[in-house]
Asker: 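Could you have a look at this structure, given as structure tokens, before my questions?
Note that ligands are numbered from 1 as they come in the structure, with each ligand's atoms numbered from 1 the same way. Keep in mind that the numbers below use all heavy atoms, side chains included, and drop hydrogens, waters and symmetry copies.
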Amino acid sequence: MMGVAIVNLKTYPGGFGSRGVELAKELESAAAGHDVTVALAVQAVDVRLFSEAVSLPVFAQHIDSATAGGNTGAVLPEALAEAGASGTLINHSERRLALAEIEAAVRRARECGLHTVVCSNNEATSAAAAIAGPDYVAMEPPELIGGNVSVTNASPDVISRTVALVRRTAPAVGVLCGAGVKSRADVARAIELGAEGILVASGIVLAADPAAAMADMLSGFER
Ligand code: G3P
């Protein structure tokens, strides 16, 4: 299976609007020639801007399960799809949702043809998220998010146990891992542990040379 690398631009200063688009173009060039699906997770307000500027799949960072109608302020799945989104993250340690909302958001995203990645913070929530039937569960221990120690070094067992649990619970759902992922070695270890890929933010967005950081990480998918 082809590897997956999703870059979450969060609300970092260089990750939205016109500066974010420049970054996205650099990452698009860095991703060329690698046999890895690279997607960018952007703020909902930026989905159209990014999807018109680059050919990489653009994900929203959040979606609501609202239906078209009287829902002021909701991020509507249909509107994201029309704006050019390929998919969406759902739930995150920085944007927590209740289980019922996660399930509803996965269903609504799928109705609108959007790929889904549910982020989770431990093995139990990964298994629960997998039952909702997303394309991927992305396991990220919250205490390691944004830090310099990769989950693949700090908690390799959590990744392998999550992979085993998700395979048993919902074999069609893939596992990504994230939190502190910074290098080729971190990515290679994630793959060894059974993950299909990574969800990464600061290691790329805050890097002195984001394109070089991206190229280094993508080389970790090569056997
Ligand atoms: O969504 C990805 C994220 O939470 C991981 O962040 O900065 O540890 O790569 P980071």
Asker: Say whether G178 and ligand 1 are in contact under the criterion: heavy-atom distance to a ligand atom below 4.0 Å.
Answerer: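 It does not, in that no heavy atom of G178 comes within the 4.0 Å cut-off of ligand 1.
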Asker: For H115, look at atom NE2 and say whether over 12 heavy atoms of other residues, nucleotides or ligands are found less than 6.0 Å away.
Answerer: no
Asker: With sequence neighbours left out, what residues match E78 under side-chain contact (heavy atoms from CB on, under 4.5 Å)?
Answerer: L76, R108, C112
Asker: Quick one: does L199 get an N or O within less than 3.5 Å of an N or O on ligand 1?
Answerer: no
Asker: Looking at ligand 1, does any of its N/O atoms fall within less than 3.5 Å of an N/O of Y12?
Answerer: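 N/O-N/O distance below 3.5 Å does not exist for this pair.
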Asker: Nearest to atom 5 (C) of ligand 1, what protein heavy atom do you find, and at what distance?
Answerer: E140 OE2, 3.4 Å
Asker: Any atoms of ligand 1 less than 4.0 Å from a non-hydrogen atom of I145? List them with their elements.
Answerer: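 Selected atoms, number and element: 4 (O), 6 (O), 8 (O).
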Asker: With nothing but distance in play, are any N or O atoms of A201 less than 3.5 Å from an N or O of ligand 1?
Answerer: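 Indeed, backbone or side chain, A201 has an N or O that close.
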Asker: Are side-chain N/O atoms of D157 and S160 paired as donor and acceptor at under 3.5 Å?
Answerer: no
Asker: With the 4.5 Å side-chain cut-off for hydrophobic clustering, are V117 and V187 part of the same group?
Answerer: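 No, it is not one cluster - the side chains of V117 and V187 are not joined through contacts under 4.5 Å.
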Asker: Work out which heavy atom in A127 is nearest to a heavy atom in T169; give both atom names and the distance.
Answerer: O-CG2, 3.8 Å
Asker: Does K10 come within less than 4.0 Å of ligand 1, judged by its heavy atoms?
Answerer: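 In this structure, K10 qualifies as a contact of ligand 1 - some heavy atom is under 4.0 Å.
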Asker: Would you indicate which of C119, G146, S93 comes nearest to atom 10 (P) of ligand 1 when only heavy atoms are counted?
Answerer: G146
Asker: Can you give me the closest heavy-atom contact between A201 and Y12, atom names plus distance?
Answerer: CB-CE1, 4.2 Å
Asker: For ligand 1, is there an N or O atom under 3.5 Å from any N or O atom of G203?
Answerer: no
Asker: Considering only heavy atoms of V200, which atoms of ligand 1 have at least one such atom less than 4.0 Å away?
Answerer: 9 (O)
Asker: Any N or O on H92 sitting closer than 3.5 Å to an N or O of ligand 1?
Answerer: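 N/O-N/O distance below 3.5 Å exists for this pair.
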Asker: Compare every heavy atom of E123 with every heavy atom of L165, then report the nearest pair and how far apart it is.
Answerer: CD2-O, 3.5 Å
Asker: Among pairs that include at least one residue of residues 80-101, which meet salt bridge (Lys or Arg N to Asp or Glu O under 4.0 Å), considering only residues two or more places apart or in two chains?
Answerer: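 Counting only pairs at least two positions apart or across chains, the salt bridge (Lys or Arg N to Asp or Glu O under 4.0 Å) contacts touching residues 80-101 are K10-E94.
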Asker: List the closest protein heavy-atom neighbour of atom 7 (O) of ligand 1: residue, atom name, distance to the nearest 0.1 Å.
Answerer: S202 OG, 2.5 Å
